[in-house]
Amino acid sequence: MDELVGRLVAEVGIDREVAERSVGIILAFLVKEGPPDKVKALLDRLPGSKAAAQVGAPTFGMGGIMGAGTDLMALGLSMGQVQQVTRIVLTYAREKAGEDAAGEIVAAIPGLSQFV
């Protein structure tokens, strides 16, 4: 996850702690909302992702994409930064796990494709 966190720090301009928590929130969202077998396969290909997803469990109790967005904005991210962070995380997932694996997850979660 260090490579991904470093990319977020460099490209979005957020600090490392916010980047780490953002990754956790997005991964926890995928775990909760995505097809379990597909998400497990994705996480298996991303070293450190399971621990990050556990840390990123929702704090506001709201589910779905709105809940994840609320949690990300609670870290101080603007809506533009939320979109940018999400795109970078999904791009990273595609790079590491393959287009098919990531694409199936994105397609299965309502509203997530707007961030791709």
remark   = Tightest non-hydrogen contact, residues I65 and F29, listed as N-CE1, 3.4 Å

Test log, rule salt bridge (Lys or Arg N to Asp or Glu O under 4.0 Å), inputs R21 and D71 = CA-CA 10 Å; R21 292 185 61 202; D71 286 343; over 6 Å; no

inquiry  = So which atom in A28 and which in A53 form the shortest heavy-atom distance, rounded to 0.1 Å?
reply    = CB-O, 3.3 Å

message = Please list all pairs meeting salt bridge (charged side-chain N to carboxylate O under 4.0 Å, His left out) that have one or both residues in residues 5-14, counting only residues at least two apart or in different chains.
response = E3-R7, R7-E95

Pairwise distance CG(L30) to CG(L43) - rounded to 0.5 angstrom = 7.5 Å

ask   = What distance separates I88 CD1 from L8 CG, expressed to the nearest 0.5 Å?
value = 5.0 Å

task = Output, in order, the C-alpha distance, side-chain angles, deciding distance and verdict of side-chain contact (heavy atoms from CB on, under 4.5 Å) for R16 and D2.
result = CA-CA 10 Å; R16 188 163 189 81; D2 283 342; 3.1 Å; yes

ask   = Got M1 and S49 here, is their nearest side-chain heavy-atom distance under 4.5 Å?
value = yes

query = Going through the checks in order, is the side-chain contact (heavy atoms from CB on, under 4.5 Å) test met by L90 and L112?
reply = CA-CA 10 Å; L90 293 175; L112 190 56; 4.1 Å; yes

ask   = Between Q81 and S78, is there a donor-acceptor pair closer than 3.5 Å when you use the side chain of the first and the backbone of the second?
value = yes

task = Please list, chain by chain and in numerical order, all residues satisfying side chain to side chain contact (heavy atoms under 4.5 Å, CB included) with M73, sequence neighbours excluded.
result = M79, V82

request  = Apply the test side-chain contact (heavy atoms from CB on, under 4.5 Å) to residues L42 and I105: give CA-CA distance (whole Å), side-chain angles for both, the deciding distance (0.1 Å), then the verdict.
outcome  = CA-CA 9 Å; L42 174 70; I105 294 169; 3.7 Å; yes

key: For E33, all residues meeting salt bridge (Lys or Arg N to Asp or Glu O under 4.0 Å), sequence neighbours excluded   = none

query = Taking all non-hydrogen atoms of both residues, which atom of S113 and which atom of V106 are closest, and how far apart?
reply = CA-CG1, 3.7 Å

message = So which atom in A102 and which in R94 form the shortest heavy-atom distance, rounded to 0.1 Å?
response = CB-CG, 3.5 Å

Set of residues satisfying side chain to side chain contact (heavy atoms under 4.5 Å, CB included) with respect to R87, sequence neighbours excluded = Q83

Non-neighbouring partners of R45 that pass salt bridge (Lys or Arg N to Asp or Glu O under 4.0 Å), sequence neighbours left out = none

key: Gap separating the NZ atom of K38 from the CG atom of D100, nearest 0.5 angstrom   = 9.0 Å

key: Residue of the set I25, V31, V23 for which side chain to side chain contact (heavy atoms under 4.5 Å, CB included) holds with L27   = V23

ask   = What is the distance from atom CG of L72 to atom OG1 of T86, rounded to the nearest 0.5 Å?
value = 6.0 Å

Those residues that, when tested against V18, pass side chain to side chain contact (heavy atoms under 4.5 Å, CB included) (two or more places apart) = I14, D15, S22, L75, L77

